[in-house]
Amino acid sequence: MGEEHEALAAAGIDALEAFIAEIGLPTKLSEMGIEGEGTDEMLRAVADSTIIIPSCPKVLDADEVYEILEACK
């Protein structure tokens, strides 16, 4: 059952990414002009100032938020 859920989740992510591209929204921070010197510090500041809501299914810490933002470069 786990592999089936992972495949379904991956398909959902792919569909969302395709939809975002289709309507012309950026999918990377660099597409919004967020790149270059100072980007890492800015992303760290965003991650450190993120309000973490403990009622979410997966509670993220600031380091996990930063990793997600890094993957969006």
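These figures come from a predicted structure and were not determined experimentally. Numbers here are sequence positions counted from 1.
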Which pairs would a plain distance check flag for residues 54-65, meaning a side-chain donor or acceptor within less than 3.5 Å of a matching protein atom at least two apart in sequence or in another chain?
from, atom 1, to, atom 2, distance (Å)
Lys58, NZ, Glu64, OE2, 3.0
Asp61, OD1, Asp63, N, 3.1
Asp61, OD1, Glu64, N, 2.8
Asp63, OD1, Arg44, NH1, 3.2
Asp63, OD1, Arg44, NH2, 3.1
Glu64, OE1, Asp61, N, 2.8

Are Ile52 and Val46 grouped together when hydrophobic residues (ILVMFWY) are joined by side-chain heavy atoms under 4.5 angstrom apart?
yes
Can you list everything that forms a salt bridge (Lys or Arg N to Asp or Glu O under 4.0 Å) with Asp40? Sequence neighbours excluded, please.
Lys73
Kindly list each side-chain donor-acceptor pair under 3.5 angstrom involving residues 17-32, sequence neighbours excluded, with atom names and distances?
from, atom 1, to, atom 2, distance (Å)
Glu31, OE1, Thr27, N, 2.7

CD/Glu35 to CE/Met42 distance, rounded to the nearest 0.5 angstrom?
10.5 Å
Quick one: pull up CD in Glu67 and CD in Glu70 and give me the separation to the nearest 0.5 Å.
9.0 Å
Residues clustering with Ile13 (ILVMFWY side chains joined when closer than 4.5 Å, directly or via others):
none
Can you tell me how far OG1 of Thr50 sits from CG of Leu69, rounded to the nearest 0.5 angstrom?
6.5 Å
Can you list the other members of the hydrophobic cluster that holds Leu8, where links are side-chain heavy atoms under 4.5 angstrom apart?
none
